[in-house]
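Presented below is the structure to which this report refers.
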Amino acid sequence: MRAVRGQAAMAVLAVCGMLALSACQNGDDQAAAPDAKSSAAAPAAPTATTAVPAPSKTGAAPKPSATATAVGKNPPAPTPPSAPACGADHRMPVSPDTIAVHRYTPEGGMTSLIVQHGTYGCPGRFEPSGAWTYIPISEKAKITATAPILPSEVMGKPISTSELTSWLDTHPDKGLPFRYHLNAEGVIDTLDEIYVK
């Protein structure tokens, strides 16, 4: 009798174990099923290769490249160098091809200009200095004049030696600056007035 009861108890335990095992497996399947459905229906997460730039460690926005230029705009012009400051030491060396013309003289059978050499000072104007000297000028010299010799002329216009000396007769000691060139005989063959406002 005890043996029959023991076998019946073992059979009941075996059935209970199978039922418990079956219930655990079904519960696992049902718990896993909603996850599978939700993962299939959920949209894909954005990848790391999106176009939005990642912020830097400091939180600042990324800087554009140094060569980037705004569309439709020209790059800014370079800043011009600043002019040297005017002071006691602003004078340049004596200009070898520039003179200030004051007067003329016909002595010696040839027209000579009475001139001064000088330097370009601050802010870039010719400043005569030193002794007045004589330099002969050819009657056929190529001369260009601007204002005030030709009042309305700024770019320079050809005049003759006699036109220049006539102006010097009525406007002595003006000291207008001219660039000049000497021929092989030491006579001025080219004379160009430098326009001064």
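Values below: every heavy atom of this structure, side chains too, minus hydrogens, waters and symmetry copies.
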Once rounded to the nearest 0.5 Å, what's the spacing between atom [atom1] of [X] and atom [atom2] of [Y]?
X      : Y      : atom1 : atom2 : answer
Ile137 : Tyr180 : CD1   : OH    : 12.0 Å
Thr144 : Ile149 : OG1   : CD1   : 9.5 Å
Ile114 : Ile135 : CD1   : CD1   : 11.0 Å
Leu150 : Trp167 : CG    : CH2   : 10.0 Å
Leu113 : Phe178 : CG    : CZ    : 8.0 Å
Arg179 : Asp97  : CZ    : CG    : 6.5 Å

**Asked** Do Tyr104 and Val187 sit in the same hydrophobic cluster, where Ile, Leu, Val, Met, Phe, Trp and Tyr count as joined when their side-chain heavy atoms come under 4.5 Å apart?
**Response**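 Per the 4.5 Å side-chain linkage, Tyr104 and Val187 are not co-clustered.
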**Asked** Same cluster or not: are Ile143 and Leu182 linked, directly or through other Ile, Leu, Val, Met, Phe, Trp or Tyr residues, by side-chain heavy atoms under 4.5 angstrom apart?
**Response**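 Yes, Ile143 and Leu182 fall within the same hydrophobic cluster.
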**Request:** Using a strict 4.0 Å threshold on nitrogen-to-oxygen distance, state whether Arg103 and Asp173 make a salt bridge.
**Result:** yes
Going by heavy atoms in the side chains, are [X] and [Y] under 4.5 Å from each other?
X      : Y      : answer
Ile99  : Thr133 : no
Val101 : Leu164 : no
Glu163 : Pro158 : no
Ser162 : Thr111 : no

**Fill in**
In terms of heavy-atom contacts, Ala145 and Glu153 come closest through O-CG, 3.9 Å
**Request:** Indicate the atoms forming the closest heavy-atom contact of Ser95 with Phe126, along with that distance.
**Result:**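 Ser95 and Phe126 have their closest heavy atoms at CB-CE1, 4.3 Å.
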**Asked** Within the side chain of Gln116, is there an N or O that forms a donor-acceptor pair under 3.5 Å with the backbone of Trp132?
**Response**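 The answer is no, because no donor-acceptor pair under 3.5 Å joins these two groups.
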**Asked** Does Thr161 use its side chain to pair, donor to acceptor, with the backbone of Ser138 at less than 3.5 Å?
**Response**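 A pair under 3.5 Å: yes.
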